[in-house]
Amino acid sequence: MSDIRRKAVIAGIGETEYSRKSGKTERTLFLEAAKLAIADAGLTPKDIDGVMPDNPGRSSPGGVGGYGEFATNFGINDLRFGGMSNMGAAAIGSSIYTAATMVTAGVANAIVILGGGNGRSGHRLGQGGGRQDASYGSNFEAPYGMMSAAQSWALPARRHMIQYGTTQEQYGAIAVATRKHAQLNSKATMKGLMTMEDYLNSRMIADPYHLLDCCLESDGAAACVVTTAERARNLPQKPVYIAGGAQSYGPSPAEMLNRTDITINSVRLAAPLAFREAGITIADVDFAEIYDSFTFAVLSQIEDLGFCKKGEGGSFVEGGRIELGGELPINTHGGLLSQAHIWGMNHVAEAVKQLRGQAGAAQVPNAQVGVVSFTDMGGYGSVLVLTGV
Amino acid sequence: MTTRYRKPLPDLSFEEGKEFWTYTKKHELRIPRCVDCGTYRWRPRPMCANCYSMNTEWARTSGKGTLYTWTVVHHPMGEAWVSEVPYAVAVVTLDEGVRLVSNILDCPPEELRAGMPLEVVFEDVTDEITLPKFRPVRQRRRL
């Protein structure tokens with residue numbers, strides 16, 4: 001375990017407009033987000049000496065979000081760290097943790113982490129493809145009509161219902177709460193409250209998933225700047241400490257269906273490491289921003305992060321517990337379900353705002369400890385513990 | 001085949017998987033098994049996760065299993081599936097212990113139940129490709 005507690009911080013965040021049609025190239029979006037994050041941190045591009053793009057598909061070193069493109073555009077002549085996490089949807093958390101260890105070790109001083117793209121107007125996220133197991137998937141799943149993330153994630157959602165009696169309405173409670181939070185967020189693309197009736201009446205995509213169980217497809221990018229606590233001392237924003245973090249690869253990480261129990265999320269392995277490093281317990285957590293590609297992804301992470309026992313996630317999300325004002329507000333910005341799909345960098349941006357006291361109408365009173373959790377198909381996971389003090 | 005088959009087909013150039021389809025064409029459901037320790041595995045991979053052996057054989061299976069989980073697909077992913085929806089994608093736990101993705105025939109989606117006994121049936125979808133699918137094992141009437 002690294003010793004990053006109180007040594008590494010998120011000093012700046014930046015978010016472009018979130019929309020369904022950016023009218024911009026992905027390269028432009030990444031640069032815009034980075035520029036905003038660097039300015040928010042009170043730094044200039046010359047202060048940046050590391051970059052971590054989020055998506056290997058688009059971000060080969062010379063690709064649109066790659067290290068070389070980044071440095072060349074910003075005129076940075078001495079970039080000394082480029083890194084990339086190959087954890088799919090868990091990449092952002094893993095990259096931020098890696099960046100924290102890198103600045104703590106002195107490998108770089110200030111690292112920009114990027115996330116986003118044209119997930120709606122470009123290659124639509126919901127259209128499949130780009131999966132890490134493309135060969136196995138195209139050979140052994142596609143011939144049977146299993147071709148999308150919604151279909152794949154529906155399988156453990158159904159299994160959870162079988163094993164634990166989880167109900168459709170309990171998945172709905174997650175969608176409804178998240179939409180409620182989105183109404184307080186100016187960047188949210190989904191306007192208007194959702195009732196349980198709206199949820200249940202939304203068209204079926206891949207049972208048990210209705211349309212409103214599924215994340216948005218969005219255009220946009222977000223970025224953050226990770227540096228040392230020492231460097232941040234003279235910067236304008238209140239620093240947000242990366243107090244703990246971890247990656248996890250659970251059993252059979254590359255293939256969900258042959259795990260002994262497909263309802264278990266690998267964040268179960270990362271959470272204790274991240275919490276121990278941060279010196280916190282689950283009771284200290286004021287809010288959580290949880291990667292919500294689908295409602296079940298949230299439910300399984302709630303359980304496996306340790307907020308409740310395995311199997312009790314369904315009752316946990318009921319009764320407003322995960323809403324602002326509840327015991328554990330989750331996805332206070334509207335998440336991937338109702339704000340925008342920015343690969344969870346929007347979750348990081350929201351957590352930073354909460355801990356700075358800049359979350360506006362969605363502010364959790366006196367928020368000091370936030371958890372940001374990511375999952376790719378339950379197999380790859382990353383967890384960050386961020387603190388304001 | 002009177003009409004051209006339009007749904008996705010396995011890519012026979014995929015090294016790890018191509019042998020599977022040579023057996024299904026003969027209406028045999030075979031899966032990789034470690035020659036050294038006898039552990040079955042799915043998907044086909046070079047190494048046995050139990051003993052790290054790379055000696056693999058394609059072992060015959062009983063063709064029997066149970067339903068582990070499923071999704072009923074209503075939103076078609078492309079033209080070829082428009083006339084198929086709603087259809088069930090099923091995860092079948094074979095008696096040998098591994099789980100396969102397949103479809104369930106002769107059973108309306110609303111009658112699917114976790115744990116229901118299933119048996120393999122072979123669907124010759126093109127001249128080259130036979131897809132193993134499953135159907136419920138019906139209780140035989142006592143005479």
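Just so it is clear, the values below take in all heavy atoms, side chains as well, and ignore hydrogens, waters and symmetry mates. Note on naming: letters A, B, ... go to the chains in the order of the sequence lines (proteins, then strands), and numbering restarts at 1 for each one.
Between B:R99 and A:E255 there is no salt bridge, since no side-chain nitrogen of the basic residue lies less than 4.0 Å from a carboxylate oxygen of the acidic one.
Ring centroid separation for the pair B:Y87 and A:Y144 does not come in under the 6.0 Å cut-off.
Atom CZ of residue A:F140 and atom CH2 of residue B:W42 lie 4.0 Å apart, to the nearest 0.5 angstrom.
Here the closest heavy-atom approach between residue B:H75 and residue A:Q151 is recorded as O-NE2, 4.2 Å. Residues B:R43 and A:N258 share a closest heavy-atom pair of N-ND2, 4.4 Å. Pairing each heavy atom of B:L9 with each of A:P143, the nearest pair is C-CG, 4.2 Å.
Contact residues of residues 160-172 of chain A toward chain B are A:I162, A:Q163 (heavy-atom distance under 4.5 Å).
In this structure, B:T69 contributes its side chain and A:L155 its backbone to a donor-acceptor pair below 3.5 Å.
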Given the rule in the side-chain contact (heavy atoms from CB on, under 4.5 Å) test, do A:N139 and B:W21 qualify, once you have shown the distances and angles that lead to the verdict?
CA-CA 10 Å; A:N139 274 273; B:W21 305 108; 3.9 Å; yes
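Both the backbone and the side chain of B:P44 come within contact range of chain A, with heavy atoms under 4.5 Å apart. Looking at B:Y68, the atoms closer than 4.5 Å to chain A (heavy atoms on both sides) sit in the backbone and in the side chain alike. Neither the backbone nor the side chain of B:E84 comes within less than 4.5 Å of any heavy atom in chain A. Contacts of A:I262 with chain B are made by both backbone and side-chain atoms, with heavy-atom separations under 4.5 Å. The contact between B:V98 and chain A is made by backbone and side chain atoms together, counting heavy-atom distances below 4.5 Å. Looking at B:W70, both its backbone and its side chain come within 4.5 Å of chain A, counting heavy atoms on both sides.
Contact count versus chain A (heavy atoms, under 4.5 Å) is highest, among B:R41, B:K18, B:E16, for B:E16. Each of B:V85, B:V73, B:L100 has some count of heavy-atom pairs under 4.5 Å with chain A, and the biggest count is that of B:V73. Contacts with chain B were tallied for A:G145, A:A154, A:A206, A:A157; A:G145 has the most, counting heavy-atom pairs under 4.5 Å. Listed options B:S102, B:G17, B:A114 were ranked by heavy-atom pairs under 4.5 angstrom with chain A; first place goes to B:S102.
Around atom CZ of A:R20, no more than 12 heavy atoms belonging to other residues, nucleotides or ligands sit under 6.0 Å away. Atom CD of B:E79 sits in a sparse spot, with 12 or fewer heavy atoms from other residues, nucleotides or ligands closer than 6.0 Å. Within a 6.0 Å radius of NZ in A:K309, other residues, nucleotides and ligands contribute 12 heavy atoms or fewer.
Considering only heavy atoms from C-beta on, B:T71 stays 4.5 Å or farther from A:Y209 through its side chain. Residues A:M147 and B:P8 form a side-chain contact, since some pair of their non-hydrogen atoms from C-beta on lies under 4.5 Å apart.
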